[in-house]
Amino acid sequence: MAQTHIESNGFVANRVVAGTWTLQTIPADAVGLTRNIEVYRADRSADFVTFKHHGDANTFCPPVW
């Protein structure tokens with residue numbers, strides 16, 4: 001497992017060991033920050049994002065804009 005400054009719990013560690021999540025380091029200069037960003041990458045389980053319906057039959061308002 002890759003060395004990281006982020007403490008991970010058992011759930012994250014299990015995903016990394018299983019190979020379903022991969023730790024990726026994004027260089028600071030690529031995102032305009034002073035330090036690198038570490039993110040976990042994984043395949044999406046679905047191709048869409050849904051929200052609970054708000055509004056009437058003619059409108060749709062996501063809960064957060």
Side-chain angles (χ1 to χ4, degrees):
M1 184 162 42
Q3 192 64 262
T4 179
H5 295 100
I6 301 170
E7 287 187 34
S8 62
N9 61 28
F11 179 82
V12 173
N14 288 339
R15 295 296 189 265
V16 172
V17 169
T20 56
W21 289 8
T22 305
L23 181 64
Q24 178 182 10
T25 301
I26 303 171
D29 59 343
V31 291
L33 298 174
T34 57
R35 66 184 184 96
N36 296 340
I37 297 176
E38 293 180 336
V39 296
Y40 289 95
R41 297 189 58 125
D43 289 334
R44 291 180 62 132
S45 60
D47 291 336
F48 56 91
V49 176
T50 61
F51 294 99
K52 181 179 176 184
H53 183 267
H54 296 274
D56 60 26
N58 297 318
T59 62
F60 172 78
C61 298
V64 178
W65 280 104

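Counting begins at 1 with the first residue of the sequence.
- Between the side chain of T25 and the main chain of E38, no donor-acceptor pair closer than 3.5 Å is present.
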How far apart are the C-alpha atoms of T22 and Y40, what are their side-chain angles, what is the distance that settles it, and do they pass the side-chain contact (heavy atoms from CB on, under 4.5 Å) test? CA-CA 5 Å; T22 305; Y40 289 95; over 6 Å; no
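- You'll find the side chain of V16 stays beyond 4.5 Å of the side chain of L23, heavy atoms only.
- Ring-plane geometry between F11 and W21 is classed as perpendicular, the angle between the planes exceeding 60 degrees on a 0 to 90 degree scale with a lower cut at 30.
- Expressed to the nearest 0.5 Å, how far CZ of R41 lies from CD1 of I26 amounts to 7.5 Å.
- Nearest heavy-atom pair across P27 and N36 is CA-OD1, 3.4 Å.
- Atoms CG and OG1, on D29 and T34 in that order, are 11.5 Å from each other to the nearest 0.5 Å.
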